[in-house]
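Predicted, not measured: the structure shown is a model, and the values here were computed from it.
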Amino acid sequence: MLAWYPWIVLLHLACAIVFVGAVAFEVIVVESLHKQFDIATVQRIEQAVMARVRRYMPIVVVLLFLSGFMLFDIRCDGFACVGSRFGNWLLLKVLLAFGVLGVFVNAMWAMRHGKMDVCRFKHTHRIVLALMVGIVFLAKTMFYL
């Protein structure tokens, strides 16, 4: 599996960019539309965005987590690194990722059951964005902390 490491990293980064980019777009761009358009127009835009996201985001999230599991196994040799400084930062990153997964699964459930209202939509994306910023920070600094 070590020979595949660069490809796994590339897949993981690509999926992370898509996921973080989509969430950042929703928080920074879509939420700002509430100030410029009437509620019906914004709801139509949000529904169109979410319809598109529902098609590809589950695949992106699955690939992100699968590649993350593989990278964890390669970097940590199972769980051998847990307890070291690097291993503890990596474990924190994994815990944040599972937090994102929990929020994501909850949001997908709410959408499928018609329970995703504007308030829940807004707070879900803000929470995910905050967790993702933490994950990106750890991903870029854990080798130096």
Side-chain angles (χ1 to χ4, degrees), residues 1-37 42-113 115-145:
M1 179 143 32
L2 202 53
W4 288 91
Y5 181 78
W7 296 106
I8 299 168
V9 168
L10 185 60
L11 175 65
H12 191 69
L13 288 174
C15 290
I17 289 167
V18 169
F19 189 76
V20 174
V23 173
F25 174 78
E26 290 170 15
V27 170
I28 296 167
V29 176
V30 175
E31 282 188 22
S32 71
L33 298 178
H34 286 273
K35 297 174 186 168
Q36 298 176 6
F37 297 101
V42 174
Q43 285 178 338
R44 285 182 56 216
I45 292 169
E46 286 176 345
Q47 287 172 351
V49 169
M50 291 313 296
R52 179 75 176 148
V53 166
R54 263 180 279 179
R55 280 189 217 125
Y56 73 87
M57 199 55 74
I59 295 165
V60 169
V61 171
V62 166
L63 290 173
L64 182 62
F65 272 83
L66 285 175
S67 60
F69 285 131
M70 287 187 249
L71 292 172
F72 185 91
D73 188 50
I74 291 169
R75 277 301 209 168
C76 203
D77 193 25
F79 287 95
C81 74
V82 175
S84 68
R85 190 177 70 223
F86 172 81
N88 290 337
W89 288 119
L90 183 58
L91 197 56
L92 177 59
K93 184 179 162 207
V94 168
L95 291 174
L96 290 176
F98 276 113
V100 169
L101 182 63
V103 173
F104 178 78
V105 167
N106 184 279
M108 295 304 277
W109 180 88
M111 277 190 278
R112 289 187 191 253
H113 291 87
K115 297 183 186 253
M116 182 60 83
D117 60 9
V118 174
C119 183
R120 188 174 191 170
F121 181 86
K122 182 167 85 171
H123 291 299
T124 295
H125 289 97
R126 288 181 177 181
I127 291 166
V128 168
L129 184 60
L131 291 169
M132 291 303 297
V133 166
I135 291 168
V136 169
F137 174 81
L138 287 171
K140 297 311 293 175
T141 60
M142 61 194 264
F143 293 98
Y144 310 106
L145 294 175

request  = Of all the heavy-atom pairs spanning Leu131 and Leu96, show the shortest one and how long it is.
outcome  =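 Distance-wise, the nearest heavy atoms are CD2-CD2, 3.7 Å.
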key: Which atom of Pro6 lies closest to which atom of Ala3, heavy atoms considered   = CD-O, 3.6 Å
Set of residues satisfying side chain to side chain contact (heavy atoms under 4.5 Å, CB included) with respect to [X], sequence neighbours excluded:
{"X": "Leu10", "result": "Trp7"}
{"X": "Ala110", "result": "Lys115, Met116, Arg120"}
{"X": "Phe98", "result": "Phe65, Phe69, Val94, Leu101"}
{"X": "Leu63", "result": "Leu11, Cys15, Ile59"}

So how far is it from [X] [atom1] to [Y] [atom2], rounded to the nearest 0.5 Å?
{"X": "Leu129", "Y": "Thr124", "atom1": "CG", "atom2": "OG1", "answer": "12.5 Å"}
{"X": "Ile127", "Y": "Met132", "atom1": "CD1", "atom2": "CE", "answer": "14.5 Å"}
{"X": "Leu95", "Y": "Leu91", "atom1": "CG", "atom2": "CG", "answer": "5.0 Å"}

Aromatic ring pairing Phe104/Phe19, orientation class (parallel under 30°, perpendicular over 60°, tilted between) =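 The arrangement is perpendicular - the two ring planes meet at more than 60°.
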Which atom pairs, one a donor and one an acceptor, fall under 3.5 Å between side chains of residues 44-58 and the rest of the protein, sequence neighbours left out?
unit_1 : atom_1 : unit_2 : atom_2 : d
Glu46  : OE2    : His34  : NE2    : 2.9
Arg54  : NE     : Met50  : O      : 3.3

query = What residue pairs, at least two apart or across chains, pass disulfide bond (SG atoms under 2.5 Å apart) with a residue in residues 116-145?
reply = none
inquiry  = Can you pull out every disulfide bond (SG atoms under 2.5 Å apart) where at least one residue sits in residues 58-96? Sequence neighbours excluded, please.
reply    = Cys76-Cys81
query = Given side chains that start at C-beta, do those of Ile8 and Ile74 come closer than 4.5 Å, heavy atoms only?
reply =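 Contact flag for Ile8/Ile74 side chains = yes.
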ask   = Phe72 versus Leu90: any side-chain heavy-atom pair under 4.5 Å?
value = yes
Under the side-chain hydrogen bond (donor to acceptor under 3.5 Å, both in side chains) rule, what pairs show up with a residue in [range], not counting sequence neighbours?
{"range": "residues 57-67", "value": "His12-Ser67"}
{"range": "residues 18-30", "value": "Glu26-His125"}
{"range": "residues 70-94", "value": "Tyr5-Arg75"}

query = side chain to side chain donor-acceptor pair (under 3.5 Å) with Trp109: which residues, sequence neighbours excluded?
reply = His113
request  = Output all residues satisfying salt bridge (Lys or Arg N to Asp or Glu O under 4.0 Å) with Glu31, sequence neighbours left out; order by chain, then residue number.
outcome  = Arg126
